**Q** 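Submitted below is the structure of interest, expressed as structure tokens.
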Amino acid sequence: MSNKITPEVVRHIGKLARIELDDQQVEMLGRQLGDILRYVDKLQALNTDGVAPMAHAVEIHNVLADDAPGQSLTADEALANAPARDNDFFMVPKVLGDS
Amino acid sequence: MSEQATEVLAIVGLEIHVELATETKMFCRCRNRFGDPPNTNVCPVCIGMPGVLPVMNSKAVEYSLKVGQALNCELPSYSKWDRKSYYYPDLPKNYQISQYDLPLCKDGYLDVPLPDGSSKRIRVLRAHLEEDAGKNIHDNPAHTGVDLNRAGVPLLEIVSQPDMNTPQEALSFAREMQRLVRWLGVSEANMQMGHMRFEPNINLHITRGGTVYKTPIVEVKNLNSFKALEGAVTHELKRQYAQWLEDPEGFSLDRKGKQNRGWDDQRNITVFQREKEEAHDYRYFPEPDLPAVVVDDAWRESIRASIGELPLARRERFIKQHQLGSKEAEAMIQDADTGNLLDDATAMGAPPRRVVNLMLGRMSAAANEKGCALGQLGVSAAQLSQLAIMLEEGKLNATAGDKIIDHMIANGGSPLEIAGKLNLLAESNTAAVEQWVDQAIAANPDPAQQVRSGDKKAKQAFGFLVGQVMRISGGKAPPSAVKELLESKLSAK
């Protein structure tokens with residue numbers, strides 16, 4: 001199960017997470033990620049025949065809230081930590097295309 | 001080389017995103033409301049602050065299950081949430097909470113009426129609940145503004161099987177879905193407000209000389225109008241066929257895979273966005289902050305019971321129960337309120353035919369003028385039923401009925417009061433009616449003579465005299481009594 005974490009895999013994950021990595025970091029993270037996967041792989045040794053797959057770690061379910069409005073922030077509060085704002089909008093570098 | 005017979009089959013599937021009309025967002029209690037000032041319906045949960053805890057909106061789950069039930073879906077006992085990771089400024093957490101492998105609804109179908117009067121069953125693969133993203137504002141050329149009011153609004157994604165074969169079928173499916181979610185009261189499905197967005201998947205299966213060629217599947221992203229949906233599918237079918245003709249072997253699903261395109265509504269064409277090979281790696285994994293949704297039989301039963309009669313079943317019932325024509329029945333199911341009005345008025349004892357004529361006559365015209373649905377004119381079942389009964393009993397003629405409709409829409413009030421106020425009640429005093437008839441005959445001796453003689457023009461002259469009596473009476477003469485009196489007075493002497 002533990003595919004070797006190649007430098008390409010580390011760079012790909014880095015790109016997906018928008019983190020720039022130098023060669024040294026790629027080497028180090030590859031080693032660390034591999035160690036983590038090998039550690040988790042130990043679970044594979046456990047016999048799980050007849051055990052239903054578990055999708056969530058907690059047994060509780062249906063934790064639902066009523067559809068009743070609560071308190072929201074003001075625009076100023078919401079934007080207080082933003083690196084930049086344009087009037088009451090968060091300001092970000094130009095995005096091409098719309099979502 | 002001789003020209004071989006070529007058969008082209010279009011294969012179209014549709015993803016439909018529907019914003020649910022809840023009061024609050026999916027995982028926090030900020031308001032779900034269009035058009036508010038930017039970044040005022042936001043809180044730490046929906047702007048992606050660390051350490052917050054999302055909590056499911058019970059109404060959104062219920063609405064989704066209702067749609068699933070109405071789409072004849074299985075509502076699985078166990079459904080869970082997953083994180084779909086991607087970076088985009090309008091997605092503040094850098095992941096979207098969605099449902100990956102265990103959606104709330106799966107394996108259903110929708111019977112879709114087509115313009116030629118037939119219908120087609122389109123299978124539904126799944127319907128899952130997720131949260132909407134915010135909005136990017138591109139007003140400024142130098143940077144992008146982000147409004148997170150929409151971030152976290154409950155969004156139901158309905159995925160069809162590729163069962164549609166024409167742009168018209170895709171359009172009909174989308175329109176039927178719009179009617180259905182409105183019917184169920186789970187979404188306003190207002191296109192201008194972005195409540196519904198479409199993403200069709202399109203390719204061609206081309207058979208020539210015993211070989212089936214499949215063109216690469218194109219997904220057209222984020223269409224926000226029916227016109228764009230129809231245009232995008234139409235354009236793709238043409239474009240793919242033209243491209244296949246150029247290179248039948250190379251332009252294939254096997255070699256090219258899938259591709260995303262966008263819609264350019266200025267030029268009415270689709271434009272290339274990216275190959276699916278470069279598609280986001282979403283790295284789905286179970287959302288640790290949200291426990292599962294468990295649906296038991298009791299919940300399923302209450303959802304089933306809350307659905308009520310659906311459009312096509314109601315259409316069939318109206319045709320059988322009230323002998324409506326298929327066009328009339330279709331008009332009665334444009335939305336739930338319209339048919340409810342007919343049901344409620346007839347339950348109060350009004351003759352269905354009279355009610356239908358009033359609704360599809362003057363009321364329908366008034367609704368068109370106002371640009372609203374029949375059910376939104378403000379005419380109640382009680383008003384409508386009283387009016388229909390008065391017409392049936394001959395207390396009003398049709399023109400008076402129309403006047404009363406207009407008056408009710410403008411000012412409210414009961415038909416009986418209005419008829420009294422506007423002096424529209426048919427004259428029940430036979431002597432008075434007879435006097436009007438005599439006046440009309442005396443004032444129009446030539447037509448009267450034509451009726452007596454029974455010549456070619458007798459029928460036309462008779463109609464003219466009826467009109468004259470109505471005019472003299474100010475519309476108060478009951479037409480049936482007028483006709484009887486004219487007939488007896490002008491029968492051959």
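Just so you know, these numbers come straight off a predicted model, no measurement behind them. Residue numbering restarts at 1 for every chain, and letters A, B, ... go by the order of the sequence lines.
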**Q** Would you name the heavy atoms of L64(A) and V55(B) that are closest together and state the gap between them?
**A**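 Closest approach of L64(A) to V55(B), heavy atoms only: C-CG1, 4.2 Å.
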
**Q** When you measure from the side chain of D67(A) to the backbone N and O of N57(B), does any donor-acceptor pair fall under 3.5 Å?
**A**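 Checking the backbone N and O of N57(B) against the side chain of D67(A), no donor-acceptor pair under 3.5 Å is found.
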
**Q** Among A65(A), G70(A), A84(A), which residue has the highest count of heavy-atom pairs closer than 4.5 Å to chain B?
**A**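 Option with the top pair count is A65(A).
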
**Q** Please classify the contact between P69(A) and chain B as side chain, backbone, both or neither, with a heavy-atom cut-off of under 4.5 Å.
**A**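 Both parts, backbone and side chain.
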
**Q** For chain A, which candidate among R31(B), R29(B), E23(B), H143(B) shows the most heavy-atom pairs at distances under 4.5 Å?
**A**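 Max contact count across the listed options: H143(B).
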
**Q** Is N81(A) in contact with chain B via its backbone, its side chain, both, or neither, using a 4.5 Å heavy-atom distance?
**A**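 For N81(A), the contact with chain B is made by the side chain alone.
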
**Q** What closest approach, in Å, do A78(A) and I47(B) show between heavy atoms, and which atom pair accounts for it?
**A**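 Closest approach of A78(A) to I47(B): O-CD1, 4.0 Å.
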
**Q** What part of L290(B) gets closer than 4.5 Å to chain A, counting heavy atoms only: side chain, backbone, both or neither?
**A**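 Backbone only.
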
**Q** Which atoms of D86(A) are under 4.5 Å from chain B, going by heavy atoms: the side chain, the backbone, both sets, or neither?
**A**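 Only the side chain of D86(A) comes within 4.5 Å of chain B.
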
**Q** Run through N136(B), L148(B), D147(B), T144(B) and flag the one making a side-chain contact (heavy atoms from CB on, under 4.5 Å) with F90(A).
**A**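 The residue from N136(B), L148(B), D147(B), T144(B) that satisfies side-chain contact (heavy atoms from CB on, under 4.5 Å) with F90(A) turns out to be L148(B).
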
**Q** Got a sec, which residues hit side chain to side chain donor-acceptor pair (under 3.5 Å) with N94(B), two or more places apart in sequence or on another chain?
**A**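 Result, side chain to side chain donor-acceptor pair (under 3.5 Å) vs N94(B): none returned.
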
**Q** Keeping the roles fixed (side chain from N39(B), backbone from D88(A)), state whether a donor-acceptor pair exists under 3.5 Å.
**A**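 At least one qualifying donor-acceptor pair exists.
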
